[in-house]
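The structure displayed is predicted, hence computed values, not measured ones. Chain letters run A, B, ... following the sequence lines, proteins first, then strands; residues in each count from 1. Note: hydrogens, waters and symmetry copies are ignored here, and every other heavy atom, side chains too, is used.
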2 protein chains.
Amino acid sequence: MSLVKRVTINDVALAAGVSVSTVSLVLSGKGRISSATGERVNAAVEKLGFVRNQQAVALRGGHSGRIGVIVHNLCHPFYAELTAGLAEELEQNGRMLMLLQEGNGGERLQRCVDTLLAQGVDGIIIAGVSGRGVALRERAAQSGVTLLFASRDSHPDEVAVVRPDNQQAARLATEYLINKGHQRIAWLGGHSASLARAERLGGFCATLLQYGLPFHSHWIIECESTQRRAAEAVVSLLRRNPTITAVVCHNSTVAMGAWFGLLRAGRQSGEDSLDSYYDSRIALAAFADVPEMMLDDVPVTWVTTPAREIGRSVAQRILRAEPTEQDTANSFIVPARLVAHKG
Amino acid sequence: MSLVKRVTINDVALAAGVSVSTVSLVLSGKGRISSATGERVNAAVEKLGFVRNQQAVALRGGHSGRIGVIVHNLCHPFYAELTAGLAEELEQNGRMLMLLQEGNGGERLQRCVDTLLAQGVDGIIIAGVSGRGVALRERAAQSGVTLLFASRDSHPDEVAVVRPDNQQAARLATEYLINKGHQRIAWLGGHSASLARAERLGGFCATLLQYGLPFHSHWIIECESTQRRAAEAVVSLLRRNPTITAVVCHNSTVAMGAWFGLLRAGRQSGEDSLDSYYDSRIALAAFADVPEMMLDDVPVTWVTTPAREIGRSVAQRILRAEPTEQDTANSFIVPARLVAHKG
DNA sequence: TTGAAAGCGGTACCAA
DNA sequence: TTGGTACCGCTTTCAA
């Protein structure tokens with residue numbers, strides 16, 4: 001037993017009574033081979049259970065079929081979806097994904113790229129990391145490897161990035177509410193340092209202005225992403241500004257919290273039906289990274305960021321990209337979809 | 001421009017004025033090298049930006065440093081966490097992860113393994129796929145590669161698997177409720193075909209019996225994993241069995257739904273405080289794949305399956321494993337943790 | 001302490 | 001239509 005030697009092309013050649021070059025040709029279907037030889041080789045491959053050693057192929061000069069992916073946090077739903085889309089698309093094209101998680105800090109990212117380069121990847125995708133993009137791309141280019149970025153927001157660097165259209169997403173949500181008849185719309189959630197939030201706010205404000213609707217900066221509420229805080233915030237907001245009829249929430253947690261807050265407020269104000277209280281008074285719209293089953297029963301209209309599509313898109317781009325032409329690659333912005341609450 | 005040739009060990013040797021063998025020795029710190037030469041080589045490495053080609057290393061006979069991972073569904077929180085833990089642990093040990101998603105069907109899984117084998121991985125981890133384990137392990141063993149399984153439940157095959165202790169998790173939840181004074185406890189959610197559910201139910205029933213508490217099979221409710229269904233189910237359950245004081249929920253969606261159901265029921269029954277209605281009447285416990293921030297405000301006691309730890313654990317095992325001794329590897333069962341609702 | 005050379009498993013060019 | 005063979009980048013004896 002012990003170290004079972006792997007079946008190589010030599011073994012196949014021997015078994016089929018041909019040379020290694022012939023086997024190689026059959027394998028890649030390149031040369032003009034007589035069908036008799038072809039079958040003999042294939043039979044040998046089958047019998048011996050031969051699997052082609054991709055490392056050797058890559059070493060000789062071919063492509064390795066590996067795409068490196070550096071993802072900031074795999075457990076974040078957005079990046080999980082993105083990575084899933086990436087893997088899906090890459091697998092469909094016979095490539096595979098080498099995954100690295102970028103735990104902390106900038107130095108580490110550089111090292112991730114080097115690790116990937118050492119593994120002989122054909123391309124590298126960085127998902128959700130900001131800054132230092134130019135230096136990294138240069139490093140990758142030195143090795144003739146395409147480097148692409150994917151992110152939730154626009155990149156601070158001047159590098160190409162595939163990302164969601166946060167402005168359009170906000171416009172979508174806002175217009176939906178406006179078309180439903182809402183005129184006084186507030187914003188709840190997110191931290192002012194968030195770039196994605198800033199982009200969304202841009203779309204939100206622009207849409208309000210465009211429709212000639214009032215916009216007050218004190219209707220824009222920062223809020224920690226917990227249900228408790230969101231519930232408190234929405235109640236206090238509505239108490240101070242009773243004319244507000246709709247709220248756009250920065251994420252699903254905030255939206256859930258806001259809903260609970262409304263439920264409580266409805267109860268406390270003596271309404272006899274929470275649903276009617278909600279329906280007649282306050283409409284909720286919110287951004288979500290993925291259409292979550294968990295949220296199916298909450299009366300919120302969701303604008304979902306197409307994380308999976310972004311993954312697929314960036315995969316397609318890296319497959320198409322020639323290492324030399326990467327400089328021509330421009331940002332590719334994927335639109336969001338609106339999922340209206342039924343009923 | 002165009003195809004920038006990668007810096008090789010030859011270039012380094014040339015630049016440092018030594019032979020390739022010397023460079024190799026310095027790189028791996030193996031031979032006894034004079035510090036003068038060592039420094040000259042390192043300087044050249046630095047200047048040229050050399051990165052060692054792992055494919056060549058692996059081809060020559062060393063380990064590739066790659067671990068293949070086949071995961072059923074990356075977007076499922078349990079498997080996302082598991083994969084993250086896996087990646088974390090592997091990276092800390094200088095390995096990396098080649099990720100494959102097993103979309104559908106059995107044939108495909110076999111192909112995934114072959115793909116991984118062709119890439120020259122040192123080991124393969126299959127996360128969340130059942131059946132056909134024996135055949136796959138055999139295939140891997142032929143190539144001298146260790147194959148390990150990780151899963152949410154016990155495996156139907158007779159192969160080693162790292163998995164959560166579903167029985168213990170259920171025991172944990174049940175005992176917690178009992179210690180809180182609950183005597184009449186129901187079960188809500190999950191499909192009867194689910195193996196994980198069956199295991200949990202085992203722990204649940206055993207604990208009840210152990211404490212001499214009543215157990216009625218009609219207190220075990222199957223339920224689709226949506227909030228709406230769970231809300232309906234919990235209300236109808238309590239209406240039929242008003243003596244029940246606690247419910248164990250099969251997952252977080254069901255728990256959320258149950259809570260909403262209780263809220264509604266409380267309101268309809270004319271209670272003036274939902275919280276007190278809930279607190280005084282029905283306690284909820286539930287299983288969750290990860291401690292989710294989203295759930296921070298729901299009065300549910302969670303038993304979290306340690307997905308990340310399972311990932312880490314299986315990574316450690318595959319790093320430790322010698323290809324030949326895999327048959328001695330037994331199932332490794334990771335206990336769950338209880339997160340009591342504060343207040 | 002260092003260098004020369006033989007592979008690892010393929011590919012592809014050049015002959016036959 | 002096939003076979004011989006020189007590599008790809010690196011490790012590792014074996015000599016020097």
Checklist entry - If you look at every strand shown and take non-hydrogen atoms under 4.0 Å, does V12(B) touch a base, only sugar-phosphate, or nothing? => result nothing
Checklist entry - Does dT1(C) have OP1 or OP2 sitting under 4.0 Å from an N or O in the side chain of T22(B)? => result no
Checklist entry - K30(A) side chain N/O closer than 4.0 Å to the phosphate oxygens (OP1, OP2) of dT11(C)? => result no
Checklist outcome for this item: Taking for V18(A) and for V7(B) the nucleotide of DNA chain D with the nearest heavy atom, the one nearer the 5' end belongs to V18(A)
Checklist entry - Starting at CG of L27(A) and ending at C1' of dG9(C), how long is that distance when rounded to a whole Å? => result 12 Å
Item to check | Protein-nucleotide distance (I9(A), atom CD1; dC8(D), atom C1'), rounded to Å | outcome: 15 Å
Checklist entry - Start at the 5' end of DNA chain C and walk down; is the nucleotide closest to R40(B) or to S28(A) reached first? => result R40(B)
Checklist entry - Does S24(A) put a side-chain nitrogen or oxygen below 4.0 Å from OP1 or OP2 of dT11(C)? => result yes
Checklist entry - Looking across every strand, which nucleic acid part, if any, lies under 4.0 Å from T37(B) by heavy atom: base, sugar-phosphate, or nothing? => result sugar-phosphate
Checklist entry - Has the side chain of S21(A) got a donor or acceptor atom sitting under 3.5 Å from an opposite partner on the base of dG4(D)? => result yes
Next on the checklist: In this structure, how many angstroms lie between the P atom of dT13(D) and the CZ atom of R32(B), rounded?
Outcome noted: 12 Å
Checklist outcome for this item: Rounded to whole Å, NE2 of H63(A) lies from P of dA12(C) at a distance of 11 Å
Next on the checklist: Using whole Å, what does the distance between atom P of nucleotide dC8(D) and atom CG of N10(B) come to?
Outcome noted: 8 Å
Checklist entry - Do the charged groups of E88(A) and R312(A) touch, with an N to O distance under 4.0 Å? => result yes
Checklist entry - Ignoring hydrogens and geometry, is there a side-chain-to-backbone donor-acceptor pair from T305(B) to P164(B) under 3.5 Å? => result no
Checklist entry - Is the backbone N or O of E89(A) less than 3.5 Å from a side-chain atom of Q316(A), with the two atoms forming a donor-acceptor pair by type? => result no
Item to check | Nucleotide of dG10(C), dC10(D), dT1(D) approaching A56(B) most closely (side-chain heavy atoms) | outcome: dC10(D)
Item to check | Intermediate values then yes/no, side-chain hydrogen bond (donor to acceptor under 3.5 Å, both in side chains), S19(A) and T22(A) | outcome: CA-CA 5 Å; S19(A) 76; T22(A) 306; 3.1 Å; yes
Item to check | Steps toward side-chain hydrogen bond (donor to acceptor under 3.5 Å, both in side chains) verdict (Q119(A), R66(B)) | outcome: CA-CA 9 Å; Q119(A) 292 284 350; R66(B) 298 180 209 125; 2.6 Å; yes
Checklist entry - Tell me: CG of L14(B) to C1' of dG3(C), nearest whole Å? => result 15 Å
Checklist entry - Nearest-Å distance, CG (L25(A)) to C1' (dA15(C))? => result 14 Å
Checklist entry - Is the phosphate of dT11(C), meaning OP1 or OP2, less than 4.0 Å from a side-chain N or O of R52(A)? => result yes
Checklist entry - Counting only side-chain N and O atoms of T8(A), is one of them less than 4.0 Å from OP1 or OP2 of dG9(C)? => result no
Checklist entry - In whole Å, what is the span from the CG atom of L117(A) to the C1' atom of dG9(D)? => result 15 Å
Checklist entry - Is any side-chain N or O of R60(A) under 3.5 Å from a base N or O of dC7(D), one able to act as donor and the other as acceptor? => result yes
